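All of these numbers come straight from a predicted model, not from anything done at the bench. Order of the sequence lines fixes the chain letters, A, B, ..., with proteins taken first and strands second; residue numbering starts at 1 for each chain.
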There are 2 protein chains.
Amino acid sequence: MSRRSGILEFAVLGLLREAPMHGYELRKRLNTSLGVFRAFSYGTLYPCLKTLVQQGWITEEEGGLTEDPRAAALTGRRAKIVYRLTAEGKEHFEELLAQTGPDAWEDEHFGVRFAFFGQTSRDVRMRVLEGRRSRLEERLDKMRASLARTRERLDDYTLELQRHGMESVEREVRWLNELIESERAGRDQREQRQSGDTGDLPRHRGGTRPDSSDDTT
Amino acid sequence: MSRRSGILEFAVLGLLREAPMHGYELRKRLNTSLGVFRAFSYGTLYPCLKTLVQQGWITEEEGGLTEDPRAAALTGRRAKIVYRLTAEGKEHFEELLAQTGPDAWEDEHFGVRFAFFGQTSRDVRMRVLEGRRSRLEERLDKMRASLARTRERLDDYTLELQRHGMESVEREVRWLNELIESERAGRDQREQRQSGDTGDLPRHRGGTRPDSSDDTT
DNA sequence: TTCGTCATGTAATGGGTTACATGATTAC
DNA sequence: GTAATCATGTAACCCATTACATGACGAA
């Protein structure tokens, strides 16, 4: 019944917000554009799409030869079933985007959240980045403590593994530091007068794309 | 019925080979010593222990006040149920250690395999390290290809995410390069005359630990 | 005596994959 | 015409978590 993974739902909604697509294409995008972190199979995707339809967040459209130039362009071929975000779906996605619960910076969620930072308001971006950072720092503390407790009893390979693991985390912290700094720099430049986009990274604006009737797609 | 995860089974066998333990302690070790990669709950561990007993690889010992100094020392308190590796279990674990199927260098398995490199023969270590490396290089190729195909259509955050992901993989490749080199250096030094331990890393022998009753601690 | 941690378990549930079944379209 | 890839699904299974239930022991 349920079949809601949170992260998959989020990603699907986010991708469909950019353009309607059919399942196959959706899955590819899921596993390449965002997929460094997560790969989903059809056995997961299709049932999920079904429940999203039931919720009223997306619609299934018979796409015989849907004269949708954009979808056609994206896939290079005609579509079978095109999924399209509804107004409710868009609204729901925006709510999800605004959420900054502690989940947002856990391993599983953070990647997807970051992937849609383009549509996320600057303050939420900041909270997620900082949340992630302190999460990782906690983890580092634990690792250091456990390492101190057990250093002598561990063989060199285990030690090396642990060292490499810690360095990976430290590296991500440095990355987050840079991102946070550049977000802050962006804010300072504009003196936070605008509602909320454009940091340092979003050179082509925070939003989806040039706007207009782009999302009629 | 089944309840065999492969990686959990492997890790439990490997830990019990070093010393008998009860479930609670086992779990802690699983989640700290090796646990950078994986965390298991009791709901997973205990059923797994049951099936390992059924296979005859470990035994359950009523530990009222089992006069097992090792277990007592490890926990700092008396044990309830002490699990101990059987001869068959040891043999089985050795078979697992010798395996170099393509699974060995996948994300899920590689960490645990590496953690027990201390008991792994040098040639198997080499194959696993090299397998892992070429696995990662494949992945890099895919990432680069997909990046080249889609660069323009991606916003800066997605791009940054991808870039950071790729750098993480590249970093692991460099790490593997160093490890492989130092394994090779170890071999060259000893002119591969010995059966199979001591590379560069295993300064205190490949084996478990100094032996004797050191682990009574 | 109460709190933390040690200690062992189980049932319900979740979230996902694999393998299978099916067929259209494109490139060669 | 045949192989690859596009395209959509389902049923069986797997692995693991969560929440719960239970209780002993040590320290404050």
Side-chain angles (χ1 to χ4, degrees), chain A residues 1-12 20-32 35 37-53 58 60-66 71-72 74-83 103 106-109 112, chain B residues 1-12 20-32 35 37-53 58 60-66 71-83 103 106-109 112 149:
Chain A
M1 290 296 124
S2 41
R3 258 346 161 183
R4 295 189 301 108
S5 123
I7 115 152
L8 180 55
E9 172 188 310
F10 184 85
V12 165
M21 259 175 272
H22 45 256
Y24 190 87
E25 171 75 1
L26 211 35
R27 193 217 173 204
K28 268 205 323 195
R29 302 262 259 136
L30 235 37
N31 294 218
T32 57
F37 298 92
R38 206 85 170 65
F40 291 98
S41 62
Y42 297 122
T44 316
L45 177 59
Y46 284 116
C48 169
L49 286 169
K50 287 260 164 76
T51 76
L52 291 182
V53 170
I58 65 176
E60 247 172 7
E61 283 167 30
E62 261 308 320
L65 279 168
T66 333
L74 276 171
T75 60
R77 67 200 316 136
R78 76 169 182 75
K80 287 274 186 69
I81 298 181
V82 176
Y83 294 94
D103 274 8
E106 288 307 312
D107 292 329
E108 327 83 51
H109 295 70
V112 206
Chain B
M1 289 299 122
S2 41
R3 254 349 159 182
R4 295 190 300 111
S5 123
I7 115 152
L8 181 54
E9 172 188 310
F10 184 86
V12 165
M21 260 175 271
H22 45 255
Y24 191 86
E25 169 75 2
L26 211 34
R27 194 218 173 201
K28 269 205 323 197
R29 303 262 257 136
L30 235 36
N31 295 222
T32 57
F37 298 90
R38 204 86 170 64
F40 291 98
S41 61
Y42 297 121
T44 315
L45 177 59
Y46 284 117
C48 170
L49 286 170
K50 286 261 164 76
T51 76
L52 291 182
V53 170
I58 65 175
E60 248 174 6
E61 283 168 29
E62 260 309 321
L65 278 168
T66 332
L74 275 171
T75 59
R77 67 199 317 135
R78 75 170 184 74
K80 286 276 184 66
I81 299 180
V82 177
Y83 294 94
D103 274 8
E106 288 306 313
D107 292 330
E108 328 83 49
H109 294 71
V112 205
R149 262 189 280 104

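Distance from the side chain of B/Y24 is smallest for C/dT5 among the nucleotides D/dT5, C/dG9, C/dT5. Of the candidate nucleotides C/dA24, D/dC6, C/dG9, C/dA24 has the atom lying nearest to any side-chain atom of A/K80. Side-chain proximity of B/Y46 to the nucleotides C/dG16, D/dG9, C/dG9 is greatest for C/dG9.
Rounded to an integer number of Å, the gap from B/F40 CZ to D/dT17 P is 7 Å. Rounding to whole angstrom units, CG of residue A/L45 and C1' of D/dA7 are separated by 12 Å. Whole-Å rounding puts the B/E9 CD to D/dA16 P distance at 11 Å. In this entry the distance linking CD of B/E108 with C1' of D/dA16 reads 14 Å, nearest Å. A/L30 has its CG atom 13 Å from the C1' atom of C/dG16, to the nearest Å. Rounded to an integer number of Å, the gap from NE2 of B/H109 to C1' of D/dC15 is 12 Å. Remark: P of D/dA7 and CZ of A/R29 are 14 Å apart, rounded to the nearest angstrom. Separating the CG atom of A/L49 from the P atom of D/dT10 is a distance of 11 Å, rounded to the nearest angstrom.
A/N31 places a side-chain N or O within donor-acceptor distance of the main-chain N or O of A/F40, the cut-off being under 3.5 Å.
B/E61 places none of its side-chain heavy atoms less than 4.5 Å from the side chain of B/I81. Within the 4.5 Å cutoff, the side chain of A/V112 has no heavy atoms near those of the A/L8 side chain. By the 4.5 Å heavy-atom criterion applied to side chains, A/S41 and A/L45 are not counted as neighbours. The shortest side-chain heavy-atom distance between A/V12 and A/Y83 does not fall under the 4.5 Å cut-off.
Here A/Y42 does not reach the OP1 or OP2 of D/dT8: none of its side-chain N or O atoms lies under 4.0 Å away. Contact annotation: B/T44 does not reach the phosphate of D/dC15 (side-chain N/O to OP1 or OP2, under 4.0 Å). Here B/K50 reaches the OP1 or OP2 of C/dT10: one of its side-chain N or O atoms lies under 4.0 Å away. A sub-4.0 Å separation between OP1 or OP2 of C/dG16 and a side-chain N or O of A/S41 is absent.
Across the interface with DNA chain C, nearest-nucleotide mapping of B/E60 and B/K28 shows B/K28 to be the residue nearer the 5′ end.
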